[in-house]
Amino acid sequence: MTSKEVLRVSELQTYFPLKNKIAKAVDNVSFSIQQGETVALVGESGSGKSMTAMSIMQLVNKPGEIVGGDIQLEGKSLLDKSDKEMAKVRGNEIGMIFQEPMTALNPVLTIGNQLTEMIRKHKKASKREAIDKAIELLDTVGISRPDQIIHAYPHELSGGMRQRVVIAMAISCEPKLLIADEPTTALDVTIQLQIMNLLATIQQKMNMAILLITHDLGLVAEYADNVMVMYGGQVVEASSKKDVLTHTKHPYTEGLIKSLPQMQNQVSRLEAIKGTTPPAYAFPKGCRFAPRCPYAMKACLEDNPPLANSEDNHLTRCILHQEGGPNHARNYS
Ligand code: SF4
């Protein structure tokens with residue numbers, strides 16, 4: 001472990017045993033995040049990105065379970081922790097923000113009650129100290145009149161304000177790692193930018209590591225340091241943001257980029273990726289992307305390619321880009 005490494009996920013496998021089959025929702029996923037760094041997990045729904053986050057927090061619903069690999073926070077395995085210990089880790093060392101703020105907020109409690117409860121659950125503080133801290137946190141996340149807003153109920157706030165409150169709750173204990181799962185998807189574009197800029201400012205101040213889960217490559221281009229593209233429960237491309245977005249290797253990443261209007265360079269029309277992600281219990285035998293890949297050939301149907309270096313520090317799971325493959329060290333963009 002390097003001195004600044006916050007999270008290390010190694011060969012993580014989260015499976016769901018079903019009748020006569022196994023759904024491999026997360027299948028041998030490895031990555032790490034350093035202090036102050038943002039790693040984006042990108043992919044369509046069903047790619048395994050949210051299940052990776054749920055696995056890190058150990059909130060995988062039964063019958064799903066982590067069947068292999070390890071998750072270490074600052075060098076200590078989270079898989080060794082009891083449920084009680086994990087409950088302390090969540091909210092204390094790992095903060096979480098989800099797409100829909102109402103899922104994180106209790107509709108029958110005031111904002112102040114929820115924030116003070118969170119603060120007092122994880123830190124020793126008197127009621128008065130917790131209220132002062134709650135007001136300070138609301139101020140930090142850009143809510144004006146925080147001394148009045150603590151008396152409001154969630155439904156009295158706009159979607160953007162509710163997400164700011166959720167961020168205030170997530171950072172209340174100054175977590176080492178913040179997991180943000182589609183944090184702005186439910187918000188309009190202007191508010192999206194405000195929320196992402198707020199997260200970036202808080203990250204700088206607190207030197208937090210952020211795992212950003214998103215299907216939006218626009219957000220990735222703006223806010224991520226490193227990117228991992230997931231498909232079929234596996235990482236198919238991983239490198240720095242610049243390499244993934246401008247020296248794209250994997251045909252799936254190429255498809256994601258082509259289907260995003262603002263990221264197209266010379267492509268004159270939007271090209272959506274044909275077909276849908278296969279269910280996690282029915283992946284094809286060879287490359288999992290083969291049924292949708294415009295470059296698929298016979299060899300792709302035989303074996304699932306390994307995730308291998310296509311260039312220095314640029315991992316790709318595609319036979320075209322493996323050592324000796326026809327496109328080794330060539331890019332799509
Ligand atoms: Fe496409 Fe074949 Fe590469 Fe899979 S291995 S992404 S099917 S070219």
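Counting convention: from 1, in listed order, for ligands and their atoms alike. Nothing fancy with the numbering, it's 1 onward along the sequence.
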Counting each atom of ligand 1 from 1 as listed, which ones have a heavy atom of [X] under 4.0 Å away?
X: Cys293; answer: 1 (Fe), 6 (S), 7 (S), 8 (S)
X: Ile319; answer: 3 (Fe), 5 (S)
X: Pro305; answer: 5 (S)

Heavy atom under 4.0 Å from ligand 1: found in [X]'s side chain, backbone, both, or neither?
X: Leu320; result: side chain
X: Ala299; result: neither
X: His250; result: side chain
X: Pro251; result: side chain

How about Cys318: does one of its N, O or S atoms come closer than 2.8 Å to atom 3 (Fe) of ligand 1? yes
Do any of the N, O or S atoms of Cys287 sit under 2.8 Å from atom 4 (Fe) of ligand 1? yes
Could you tell me whether atom 1 (Fe) of ligand 1 has an N, O or S atom of Cys300 under 2.8 Å away? no
So Thr184 and Gln163, do their side chains get closer than 4.5 Å, heavy atoms only? no
Within the 4.5 Å heavy-atom criterion, are Pro291 and Phe283 side-chain neighbours or not? no
So does Ala125 get a backbone contact from the side chain of Arg120, meaning a donor-acceptor N/O pair under 3.5 Å? yes
Atom [atom1] of [X] with >12 non-hydrogen neighbours under 6.0 angstrom:
X: Asp188; atom1: CG; answer: yes
X: Gln203; atom1: CD; answer: yes
X: Tyr281; atom1: OH; answer: no

Identified side-chain contact (heavy atoms from CB on, under 4.5 Å) partner of Leu178 from the options Ile167, Leu199, Leu212: Leu199
